[in-house]
K.L.:
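Can you keep this structure in mind? I'll have questions shortly.
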There are 2 protein chains.
Amino acid sequence: MVKLTDVAKRAGCSVTTVSRVINNYGYISEKTRQKVHKAMSDLNYQPNSVARSLQGKKTQLVGVIFPSIANPFFGELVENIEAQLFKAGYKTILCNAASDKEKERTYLQMLMANQVDGIIAGAHNLGIDEYKKTGLPIVSFDRKLSDNIPIVSSDNFAGGSLATQTLYDHGARHIYFIGNPVLDGHPTQKRLQGYRQKIQELGLTAHIHPAQFGESLELKEMAIKELLQFHQVDGIVATDDLTALTVINVAQQLNISIPDDLKIIGFDGSRYIQNYAPFLSTIVQPIAAISELLVKLLQERIAHPNNELKENTFQLPIKLLSRKSSQ
Amino acid sequence: MVKLTDVAKRAGCSVTTVSRVINNYGYISEKTRQKVHKAMSDLNYQPNSVARSLQGKKTQLVGVIFPSIANPFFGELVENIEAQLFKAGYKTILCNAASDKEKERTYLQMLMANQVDGIIAGAHNLGIDEYKKTGLPIVSFDRKLSDNIPIVSSDNFAGGSLATQTLYDHGARHIYFIGNPVLDGHPTQKRLQGYRQKIQELGLTAHIHPAQFGESLELKEMAIKELLQFHQVDGIVATDDLTALTVINVAQQLNISIPDDLKIIGFDGSRYIQNYAPFLSTIVQPIAAISELLVKLLQERIAHPNNELKENTFQLPIKLLSRKSSQ
DNA sequence: TTGTAAGCGTTATCAC
DNA sequence: GTGATAACGCTTACAA
């Protein structure tokens, strides 16, 4: 590995001078600058960012903690975040937390040990305390961690509400919500609340059919089959697109016609779903905007770790993608 | 940040001793070991891996270069790779190359600068030379980079062949291949070759309908529409599942019944497709095995960078997932 | 405008 | 068994 001293030797100057032209500060004569540049490219020199970091410089490394990126929504979100981080000069350390507390804890330690500049957390099984202990700038997607951690999410409440209204407008009167019924600060909750409120406004009765996020497909299918067979239902607000697709698949098995007998609308609206499930209506989250904001907020936190936050909750607008399944 | 000297001070010994117990070498009395451990946990000490790396230790960082992880197949693959790397004690730096040469080049430089221990390359727009210049251990998924870089892939040839045979067995006689027709070392090629050979064995005529990987959905749809409307076709081998889904969507628009009028089979078989497109037949790549092998090979390269490779090509067996669309 | 040298937090080589 | 101390490659006072 070629290093600073090699460049200095070849350029016929001191390491300080070389460092100066690299970091571009202090006074250097144009001639020296030229010489140094030439030496660097001759030797194909790459500053060692490990050494640089040790010196107290930033590592330009960011930990991105998410559940499964095999899920197209998270895949697309992480892809966008990575792109934004790259644009801002950061490298992304991918931490797939899944629902493994121990793994998440280990990752947190690794991130500290690697002196990352910050963390974007899109899932957490761990409590606030373990995150606080890192002492690192953190921003969060969709989950509240603590008061002084900015949280970005879509307007889940409006989404739940809009989905419900949409089904109603197309004639549904027995509208069910499929999702996680437990109140735990999970974003699904706001979707559910939006649903509840709208149902009430419309003078209908709320029905919540449980389906956990991490649940196996088989269990979900069973639960959905039970719903479709034994309940009077003509509209479904699904907590996410994958659940919606499962409903559609089960409905097909049961010869229930969508949208004639049953209207359904999902949530998330990844490009992937938009392209390859073109019949599915869905509430679209603004993935690009979310990513941009997450990275922007993180940069602010990194620049001013101790600033009080004037605002810690950012809700981005969702929009309806109306397709066949709800019409 | 608490550091070695702090621990040493609290434990009442020298940094050397502390370092010894951390790295667990040399002789240390049990009593000292206890004291040090206590001091470490009292202070919640985390070794600084930046400093450690500077000292010549490995960074335990691996660059993972892939095209879009929003694509469920790559999403699942990268997720599996990340899991394997984690198990082996590595952190994953996610590099989404897309088709941006400049970005890929920059990433390569960053990876060098960060002293990563190795690279897993699942896409490359750049030539071998730029990769070789890094001097880093590399393993590749699905693309040949150079003779001394191990390449892991599925048995694409067998896949193409098996897909074709399957369609034939179910009665198709006008079987088209949709994919990239250019011969460029892209894995698609082997799928195509498998198709060609099988078609020949069966005494049929080969028809290749072009569709590029990175192409926009609209263009793909147009090309497919043209195919379905103006050609006599009763079977399609698609180069990947997403293309297959597009065919199905277009067929539906054109009121072509699948599998009655047209049988189709895709390629990749991510869990996602298996779960949410349950009607689609596909050739399943063994994602878990691929990931495992990639990481294992990379570890070998890291351990012995200069060993000659006795074998540089690893083809993992595919299998058929037979569903409605091809029956 | 340029150079010398101390220091970042570890590990490793000696010496005791 | 344990402890000084040089070294890793770089940045940055401080001198010149």
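In what follows, chains are A, B, ... by sequence order, proteins preceding strands, each numbered from 1. Worth knowing before you read on, the calculation uses all heavy atoms, side chains too, and leaves out hydrogens, waters and symmetry mates.
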K.L.:
Reading DNA chain C from 5' onward, which residue's closest nucleotide shows up sooner: B:K3 or A:S29?
P.N.:
A:S29
K.L.:
Looking only at heavy atoms, what is the nearest atom pair of B:L136 and B:V116, with distance?
P.N.:
CD2-O, 3.2 Å
K.L.:
Please check if any side-chain donor atom of A:S140 sits under 3.5 Å from a side-chain acceptor atom of A:D142, or the reverse.
P.N.:
no
K.L.:
Looking only at side-chain atoms of A:L54, point me to the closest of D:dT5, C:dC8, C:dT13.
P.N.:
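Selected nucleotide (nearest to the side chain): C:dC8.
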K.L.:
According to a strict under-4.0 Å criterion, is B:T17 in side-chain N/O contact with OP1 or OP2 of D:dG3?
P.N.:
yes
K.L.:
Between the side chains of B:E102 and B:R105, is the shortest nitrogen-to-carboxylate-oxygen separation below 4.0 Å, so that they form an ion pair?
P.N.:
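Salt bridge present between B:R105 and B:E102.
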K.L.:
Identify which nucleotide among D:dG9, C:dT11, D:dT12 has an atom closest to any side-chain atom of A:T16, counting heavy atoms from C-beta outward.
P.N.:
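The listed nucleotide nearest to A:T16's side chain is D:dT12.
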K.L.:
Starting the side chain at C-beta, find the nucleotide from C:dA12, D:dA13, C:dT10 nearest to B:A51.
P.N.:
C:dT10
K.L.:
Contact class for B:L4 (heavy atom, under 4.0 Å): base, sugar-phosphate, or nothing?
P.N.:
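Base contact.
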K.L.:
What is the distance, rounded to the nearest whole Å, between atom NZ of B:K9 and atom P of D:dA4?
P.N.:
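Going from NZ in B:K9 over to P in D:dA4 covers 13 Å.
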K.L.:
What I want to check is whether an N or O donor and acceptor connect the side chain of B:Q55 with the base of D:dA7 at under 3.5 Å.
P.N.:
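Checked by distance alone, the answer is yes.
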K.L.:
How many Å lie between NZ on B:K31 and P on D:dG1, as a whole number?
P.N.:
11 Å
K.L.:
Which residue lies toward the 5' end of DNA chain D, A:R20 or A:M1, if each is placed at its nearest nucleotide?
P.N.:
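Looking at the nearest nucleotide for each, A:M1 comes out on the 5' side.
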K.L.:
Once you round it to whole Å, what is the distance between C1' of C:dC8 and CG of A:N114?
P.N.:
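About 16 Å, once rounded to whole Å.
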K.L.:
Counting only side-chain nitrogens and oxygens, does B:N48 get under 4.0 Å of the OP1 or OP2 atom of C:dC8?
P.N.:
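For B:N48, the contact criterion (side-chain N or O under 4.0 Å from OP1 or OP2 of C:dC8) is not met.
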K.L.:
Taking only side-chain N and O atoms of B:S19, does any of them lie within less than 4.0 angstrom of OP1 or OP2 on C:dT10?
P.N.:
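Result: no.
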K.L.:
When you measure from the side chain of A:D117 to the backbone N and O of A:T59, does any donor-acceptor pair fall under 3.5 Å?
P.N.:
yes
K.L.:
Over how many whole Å does the gap from A:Y25 atom OH to D:dC14 atom C1' extend?
P.N.:
11 Å
K.L.:
NA contact type, A:Y45, heavy-atom cut-off 4.0 Å: base, sugar-phosphate, or nothing?
P.N.:
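The answer is sugar-phosphate, as A:Y45 gets under 4.0 Å only of primed atoms, P, OP1 or OP2.
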K.L.:
Nearest whole Å is fine: how far is C:dG9 P from B:I22 CD1?
P.N.:
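These atoms are roughly 14 Å apart.
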K.L.:
Take atom CD1 of B:I28 and atom P of D:dT2, then tell me their distance rounded to the nearest Å.
P.N.:
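Answer to the nearest Å: 8 Å.
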K.L.:
Quick one: A:Q34 CD to C:dT2 C1', roughly how many Å, whole number?
P.N.:
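From A:Q34 CD to C:dT2 C1': 17 Å.
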K.L.:
Does the side chain of A:K57 get closer than 4.0 angstrom to OP1 or OP2 of C:dC8 through an N or O atom?
P.N.:
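No.
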K.L.:
Under a 3.5 Å threshold, yes or no: a donor from one side chain and an acceptor from the other, between A:Y90 and A:E82?
P.N.:
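Their side chains do not contain a donor-acceptor pair, so the 3.5 Å distance test is not met.
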K.L.:
Scan side-chain atoms only and decide if B:T16 and B:S19 contain a donor-acceptor pair under the 3.5 Å cut-off.
P.N.:
no
K.L.:
Measure the distance from CD on B:Q46 to C1' on C:dT10 and round it to the nearest whole Å.
P.N.:
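So the CD-C1' distance, B:Q46 to C:dT10, works out to 14 Å.
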K.L.:
Within the structure, does a side-chain N or O atom of B:T32 lie under 4.0 Å from either OP1 or OP2 of D:dT2?
P.N.:
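Looking at the OP1 and OP2 atoms of D:dT2, one of them is under 4.0 Å from a side-chain N or O of B:T32.
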